[in-house]
Amino acid sequence: MTQPILRVSNLTKTFTMHLQNGLHMPVMNDVAFEVFNGECVVLAGPSGVGKSTLLKLIYGNYSADMGDIELRVGDEFINLVDADPRLILDIRRTKIGYVSQFLSAIPRVSALDLVAEVAQNWGHEEAKSLEKAQTMLARLNIPERLWHLPPATFSGGEQQRVNIARGFMGEHEMLLLDEPTASLDAINRKVVLSMIEEKKQAGAAMLGIFHDAETRNAVADREIDVTSFAVAA
Amino acid sequence: MSFQDVKPLLKVEELSHYYGQQLGCRDINFELYPGEVLAIVGESGSGKSTLLNCLSTQINPTMGKAYYRFADGRVENLYEMSEADQRTLLRTDWGFVHQHPRDGLRMGVSAGANVGERLMALGHRHYDNLRSTAIDWLSRVEIDADRVDDAPRTFSGGMQQRLQIARNLVTNPRLVFMDEPTGGLDVSVQARLLDLIRKLVSDLGLSIIIVTHDLAVARLLSHRIMVMKGGEVIEQGLTDQVLDDPHQAYTQLLVSSILQVGT
C-alpha cells in the first residue's frame, strides 16, 4: 500500500497572548489528515479558520502544542514537531518548499540570480541554473529588461511572480502553497496552474490555499475542510 | 553525510558570569554547529554582551565550560587554555567584529596594513602577497583598490565596518563573533553591510555568533536565535519560529515592538 508523504495527527495549536493578559486563543484541535505524492490537496474554509496557521505549523514557522507532523523520507517517517532547528532547516532545503504571495526581499540581488540561486542549491551548474531561471522568468511573463534588477523595485505582481519562480524552481517533494495565485492576472494564473500540474505529474505532493473558487476547482484533487478542526469560539 | 553526523564547533555548558555580586549571565547552555549563524538578542543589560565576551575568552566566566573543536578535531575547554593560546585562537581561527570600528581597526595605519596584520601574525611575510591578498579582500568587501594605502580614519563609517570585516576574514576564521555590527550605521548603509555579511557567510560557510538588539538583523542573518533577559536565555530556537510564534511574554513584547516593514 502506498504511504503518504505527509501524515498529520492529533495536532493542536493554541496561541497565548501575554500582552493581552495571557489570553489563550485555541486555533485548532485534533487535526488529522494525510497527503500523498502526485496530488494537490486544498485546505478549505473561511478566512481566520486557521488554514495559513496549518501551513506554518507544517513548515515550522509555528510550533505545535501537541500532536505529530510526520514527513516520509525514504521509508521512514520523521516527526517535525519539536524537531531540532537544524533538522527543520535541512527538511526545508531538501523536502518541503513554501510558496507564498510575498517576496522576502533581499536587497541588491537581481531577479535572475534569486531564481538561479535555487537551481544551484539543487545541484545544477551555474550556466544551467541561469538558463533554467531565464526560462522560468520568461514563462511567468517577467519582462526581460527586469531580469538583472533587484525585485525590490518591481510592482507587487512582478515580485509575486519572482517568488513563485523561486518556489517552483526547487525540486521539493512536498510544496506548501499559500495563495500563490492571489492577485495574479488570468494569464499568469494559468501559467501557475500548469506549473502545479507539472509538479503533480512529477510526483510532488502539494498542500495549498486558494481563495479563488475557479482556481481551487482547477487544481484540487481533494479538499480538506479546516473548519472541522477549528476550535469553536 | 547527514547533518546529524556533524559535530558541534562549540558546546557551552552551564556558563555563568558574575561581576562581584552582580549577575552578568546565568546557566547558559547551547551548541553551535559549523556553518550556523546564531543571534543573541535582548535589550541593554540582558547579559548578551557579557555572554559574547565570555565566549570569545575576553572574560573568563565565573562558572561553566565552553568546548571548542579545532580544525584538527581536537576539543578543548576554552577556559582551561593558556592566555597565550586564547589570544592565538582569537587572532587566527576566530574573528571579532566590534560595534565601533575604532575598537577593531588600527585607525592610523593603512587599510592594506589593517588587513595584512592578521596574516603577518600567522607568519606571512612576503610583501607582494600580503598586498595582493589585502587588495583582494578590499574588493570582496566593496572597497576600491586605490584606497589600500589610505588610513581608515579617512573612510566613512560603513567603509570602516566593511574593512573591519575584511581584516577579520582574511585568515579564514571558522568562527566569527559580531557585536552589534550594524549598530552605529545609517539604515541604507546597514542594508548594504547586512547583504554583504549574508553573502560572505554563505560563500565561506562561516559560523557566527552575533549579538544584536535588532530583530530584523537577526531575522535576515541567523538560523537560530537566543532571547536573553536578566542574564538568562528565556527562549531559543529556529529564528523564524521564535520571531513568528514567540512563546515568552518578553519575546512577544520585543516582536510586537518592531515596526512592520514588508513581511
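Below, read A as the first sequence line, B as the second, and so on, with proteins coming before strands; counting in each chain starts at 1.
Against chain B, the residues from residues 4-13 of chain A that qualify, each with a non-hydrogen atom under 4.5 angstrom away, are Lys13(A) in number order.
Here the side chains of Glu31(B) and Asp84(A) are not in contact, with every heavy-atom distance at 4.5 Å or above. Within the 4.5 Å cutoff, the side chain of Leu89(A) has heavy atoms near those of the His223(B) side chain.
Here the closest non-hydrogen pair linking Tyr62(A) and Asp244(B) is CE2-O, 3.5 Å. Of all heavy-atom pairs spanning Ser256(B) and Leu19(A), the tightest one is OG-CD1, 3.3 Å.
Of the two parts of Tyr59(A), neither the backbone nor the side chain holds a non-hydrogen atom closer than 4.5 Å to a non-hydrogen atom of chain B. The contact between Ile88(A) and chain B is made entirely by side chain atoms (from C-beta outward), counting heavy-atom distances below 4.5 Å. For Arg92(A), the part lying under 4.5 angstrom from a heavy atom of chain B is the side chain only. With a threshold of 4.5 angstrom between heavy atoms, Glu36(B) approaches chain A through side-chain atoms but not through N, CA, C or O. Contact of Tyr33(B) with chain A is made through the side chain alone, with heavy-atom distances under 4.5 Å.
Atom CG of Asp82(A) has 12 or fewer heavy atoms from other residues, nucleotides or ligands within 6.0 Å. In the displayed structure, Asp75(A) atom CG is contacted under 6.0 Å by at most 12 heavy atoms of other residues, nucleotides or ligands.
Judged by distance alone, with hydrogens and angles left aside, the side-chain atoms of Gln252(B) form a donor-acceptor pair with the main-chain N or O of Thr16(A) at under 3.5 Å.
By the side chain to side chain donor-acceptor pair (under 3.5 Å) test, Thr14(A) pairs with Asp65(A), sequence neighbours left out.
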